[in-house]
Amino acid sequence: MASSLTKDSVHPGTPGSEKTFFGHPRGLATLFMTEMWERFSFYGMRALLVVYLLSGGPDAKKGSMGGGLGMDLATTTAIYSIYLSMVYLLALPGGWLGDRIWGPRKTVTIAAVTIMAGHVVLALPGGQAPFFAGLALVALGSGLLKANISTMVGHLYKGPEDPRRDGGFTIFYMGINMGAFFAPLVIGTVGQKVSWHLGFGLAAVGMAIGLAAFLIGTRNLSPKSSEIPKPLAAEERAAWLRKGLIWLAIAAVFYGVVGLTGHFTLNWAMVPLTVVGLLIPAGVLVRIKRDKELSATEQSKMTGYIWFFVAAAVFWMIYDQGGSTVQAFGETKASGALLGFSFPSSWYQSLNPVFIMALAPVFAWFWVWLNRRDKEPSTVVKFAAGLFFIGVSFFFFLLPLGMASNGSLVSPMWLVGIYLIQTVGELCVSPVGLSVTTKMAPAKYASQMMGVWFLAVTAGDSVTGLLSIGGVDLSGTGAVALEAVLATLAAFAVYMYRRQVKALMGDVH
């Protein structure tokens with residue numbers, strides 16, 4: 001790729017053809033900066049979330065800064081899991097709004113403003129009310145943005161045949177991980193050492209910078225990003241608005257009655273959200289599978305895809321506890337110092353992105369190297385490997401759990417090991433899952449299947465949320481061991497049935 005920002009584009013006529021961003025359309029720089037700062041705000045707030053909820057409560061670290069919401073670990077894990085599940089669930093309507101009402105560019109602008117507003121509300125003191133309002137706004141905005149900004153990256157190139165397309169998405173992916181890496185180091189430090197609300201305020205500043213970068217560079221984006229691919233007819237718009245208002249009125253009346261009668265607790269909100277997080281993914285898969293317009297080949301591929309979906313849900317159920325169960329362990333049971341250097345526990349959340357940036361090129365080279373020797377494992381085997389590694393990470397987690405059972409603090413290196421093993425598993429599942437989703441999608445649902453893939457995260461986190469609400473101690477050795485065994489057995493099952501699944505996949509390998 002060209003290293004200059006001023007060389008002619010490879011394909012004249014491509015948006016931003018007069019100047020390039022490392023050989024790519026200038027619009028990629030705009031989207032890179034927008035996504036980097038959005039991820040900076042998102043991961044910064046996420047790094048603070050668990051420790052803020054625990055602060056001042058029965059499971060908080062002794063001697064840590066107070067001023068948080070003082071919740072126990074079970075409630076904290078449930079809130080964290082539900083929040084993540086809603087972010088990925090809302091990617092589905094976010095994509096729909098971009099396709100049918102606003103177009104990707106306008107949707108991303110609205111999303112950025114919503115996220116920034118959410119962080120501003122989180123920065124306000126005042127207890128649980130502003131906290132949950134801010135969290136809801138960030139989840140809503142993240143869902144709106146997630147589905148549309150990647151679509152806009154694709155718009156910069158002349159279709160799948162453009163040789164720069166994969167490289168462009170790789171650069172974009174690096175922006176995600178750069179934002180995710182620096183966020184805990186900056187926002188986490190300020191939040192845990194100075195003020196929780198100042199930390200949340202820095203997340204708002206990060207999103208404001210991302211929004212400014214997007215608005216300033218919007219002229220470099222493809223005109224296609226402003227188009228509405230399938231605009232709603234007036235009758236459809238009225239029908240959707242009517243349905244939305246009816247459901248909103250039902251929810252308002254129901255929760256109004258519950259609140260006025262003095263029966264409202266957090267579970268009245270959390271349980272329905274976790275149930276929705278399980279029912280919607282299941283319902284979407286059933287609806288697609290039962291569509292009689294699909295050909296026999298497409299039906300077979302969808303049957304095979306369900307294997308990947310369930311495996312991914314199990315994977316994300318354990319993986320996302322890296323920000324809750326494992327993060328809480330690092331806050332309360334790890335020493336918080338290494339080689340004489342002290343650091344806040346939110347820094348653990350920088351480990352995954354730095355491992356991703358270091359290992360992703362290695363994995364990409366390794367798969368190509370194996371492919372040249374006709375030894376590259378199939379997609380099914382890669383998924384089995386991902387499940388195996390996520391199971392191993394929790395078997396590994398059992399060691400520091402046992403060491404800390406007598407009240408002693410363990411070395412931070414144990415957590416480094418957990419996050420490293422989980423990242424290896426992620427690199428076997430996440431990029432492979434994205435690829436297989438696009439390859440196995442029925443033609444009728446080609447634009448919707450990426451949202452379906454995200455629903456696997458929703459399902460996995462919803463299970464974690466339900467378990468926490470149900471009183472399961474996910475930080476106990478019994479639960480950790482059970483999850484490790486579950487992932488390992490799932491890996492074994494996927495591997496044992498690999499030939500059957502490959503047969504269902506047809507021409508996809």
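What you see below is based on every heavy atom in this structure, not just the backbone, and it leaves out hydrogens, waters and symmetry mates. Here the structure is a predicted model, which is why all the values come from computation and not from measurement.
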After noting the C-alpha distance and the side-chain angles of Phe40 and Glu35, does the key distance pass the side-chain contact (heavy atoms from CB on, under 4.5 Å) rule? CA-CA 8 Å; Phe40 176 86; Glu35 182 71 352; over 6 Å; no

Run the side-chain donor-acceptor check on residues 101-113: report pairs under 3.5 Å with partners two or more places apart or on a different chain.
residue : atom : partner : partner atom : Å
Arg105  : NE   : Ser226  : OG           : 3.1
Arg105  : NH1  : Thr218  : OG1          : 3.3
Arg105  : NH1  : Ser226  : OG           : 3.4
Arg105  : NH2  : Ser222  : O            : 3.0
Arg105  : NH2  : Ser226  : OG           : 3.4
Thr107  : OG1  : Gly103  : O            : 2.7
Thr109  : OG1  : Arg105  : O            : 3.1

Determine which pairs satisfy ring pair (Phe, Tyr, Trp, His ring centres under 6.0 Å) with at least one residue from residues 451-470, sequence neighbours left out, and list them in order. Tyr88-Phe454

Give the C-alpha distance, both sets of side-chain angles, the deciding distance and a yes or no for side-chain contact (heavy atoms from CB on, under 4.5 Å) between Met178 and Met357. CA-CA 8 Å; Met178 285 176 62; Met357 288 188 285; 4.1 Å; yes

Is the number of heavy atoms from other residues, nucleotides or ligands under 6.0 Å of Phe388 CZ greater than 12? no

Evaluate side-chain contact (heavy atoms from CB on, under 4.5 Å) for Asp461 paired with Tyr83, printing each intermediate quantity in order. CA-CA 9 Å; Asp461 284 324; Tyr83 165 68; over 6 Å; no

Parallel under 30°, tilted from 30 to 60°, perpendicular over 60°: which one fits the rings of Tyr255 and Phe264? perpendicular

With rounding to the nearest 0.5 Å, note down the distance linking CG in Leu53 to OG1 in Thr75. 9.0 Å

Determine whether a donor-acceptor pair (N or O, by modelled atom type, separation under 3.5 Å) exists between the side chain of Thr274 and the backbone of Met270. yes

Nearest heavy-atom neighbours spanning Arg39 and Ala180: CB-N, 4.3 Å

Determine whether a donor-acceptor pair (N or O, by modelled atom type, separation under 3.5 Å) exists between the side chain of Ser350 and the backbone of Phe181. yes

For Ser430 and Glu426, indicate whether the former's side chain and the latter's backbone hold a donor-acceptor pair under 3.5 Å. no

At what distance, to the nearest 0.5 angstrom, does CZ of Arg26 lie from CG of Leu156? 12.0 Å

Find the distance between CG (Asp99) and OG1 (Thr151) and round it off to the nearest 0.5 Å. 7.0 Å

Taking ring-ring contact (aromatic ring centres under 6.0 Å, His included) as the definition, give me every residue that meets it alongside Phe397, ordered by chain and number, with sequence neighbours left out. Phe329, Phe394

side-chain contact (heavy atoms from CB on, under 4.5 Å) filter on Arg373, not counting sequence neighbours, yields Trp369, Lys375

Where Pro25 and Arg164 come nearest, the two heavy atoms and their spacing: CD-NH1, 3.5 Å

For Ala183 and Gly44 the tightest heavy-atom approach is CB-N, 3.3 Å

With a 4.5 Å cut-off on side-chain heavy atoms, are Trp240 and Leu245 touching? no

Got a list of side-chain donor-acceptor pairs under 3.5 Å for residues 276-286, not counting sequence neighbours?
none

Spell out, as yes or no, whether a donor-acceptor pair under 3.5 Å connects the side chain of Asn148 to the backbone of Gly94. yes

Let me see the working for Ser378 and Lys502 under side-chain hydrogen bond (donor to acceptor under 3.5 Å, both in side chains), right down to the final yes or no. CA-CA 8 Å; Ser378 66; Lys502 286 171 67 176; 4.5 Å; no

Do the ring planes of Tyr305 and Phe308 sit parallel (below 30°), tilted (30 to 60°) or perpendicular (above 60°)? tilted

Value rounded to 0.5 Å, distance of CZ in Arg290 from CE in Met302: 13.5 Å

Between Ser475 and Asp473, the two heavy atoms sitting closest are OG-OD1, 2.7 Å

Are any side-chain N or O atoms of Trp37 and backbone N or O atoms of Gly179, one a donor and one an acceptor, separated by less than 3.5 Å? no

Lys224 NZ: over 12 foreign heavy atoms closer than 6.0 Å: no

For Phe396, does the CZ atom sit with more than 12 other heavy atoms under 6.0 Å from it, leaving out its own atoms? yes

Salt bridge (Lys or Arg N to Asp or Glu O under 4.0 Å) with Asp291: which residues, sequence neighbours excluded? Lys444

Judged by atom type as modelled, is there a donor-acceptor pair below 3.5 Å linking the side chain of Ser324 to the main-chain atoms of Thr77? no

Output a table of donor-acceptor pairs, distance under 3.5 Å, between side-chain atoms of residues 132-147 and any protein atom two or more places apart or on a different chain; print 'none' if there are none.
residue : atom : partner : partner atom : Å
Ser142  : OG   : Val138  : O            : 2.8

Please name all residues satisfying ring-ring contact (aromatic ring centres under 6.0 Å, His included) with Tyr43, sequence neighbours left out, ordered by chain then number. none

Distance-minimising heavy-atom pair for Ser81 and Thr464: OG-CG2, 3.2 Å

Across all chains, not counting sequence neighbours, the ring-ring contact (aromatic ring centres under 6.0 Å, His included) partners of Phe169 are none

From Tyr319 atom OH to Ile390 atom CD1, the distance as rounded to the nearest 0.5 Å: 7.5 Å

Any side-chain to backbone donor/acceptor pair from Arg498 onto Tyr495? Under 3.5 Å, distance only. yes

Report the residues that fulfil side-chain hydrogen bond (donor to acceptor under 3.5 Å, both in side chains) with Glu236, sequence neighbours left out, ordered by chain and then residue number. Arg100

Residues passing the side-chain hydrogen bond (donor to acceptor under 3.5 Å, both in side chains) test with Ser393, sequence neighbours excluded, are Gln422

I'd like to know whether Thr458 forms a side-chain contact (heavy atoms from CB on, under 4.5 Å) with Trp316, so could you lay out the CA-CA distance, the side-chain angles of the two residues, the decisive distance to 0.1 Å, and finally the verdict. CA-CA 9 Å; Thr458 296; Trp316 295 117; over 6 Å; no

Assess the residue pair Gln327 and Gln321 against the criterion (side-chain hydrogen bond (donor to acceptor under 3.5 Å, both in side chains)); give the C-alpha distance rounded to whole Å, side-chain angles, the decisive distance to 0.1 Å, and a yes or no. CA-CA 8 Å; Gln327 170 72 22; Gln321 289 183 60; over 6 Å; no

Taking atom CZ as the centre, does Arg287 end up with more than 12 heavy-atom neighbours from other residues, nucleotides or ligands that are less than 6.0 angstrom away? yes

How close do Met440 and Lys301 get, heavy atom to heavy atom, and via which atoms? CE-O, 2.9 Å

Answer yes or no: does atom CZ of Phe254 have more than 12 heavy-atom neighbours from other residues, nucleotides or ligands under 6.0 Å? yes

Are the side chains of Leu420 and Leu359 in contact, using a 4.5 Å heavy-atom criterion? yes

Only counting residues at least two apart or in another chain, list the ones meeting ring-ring contact (aromatic ring centres under 6.0 Å, His included) with Phe309. none

Give, for atom CD of Glu227 and atom NZ of Lys230, the distance between the pair rounded to the nearest 0.5 Å. 14.0 Å

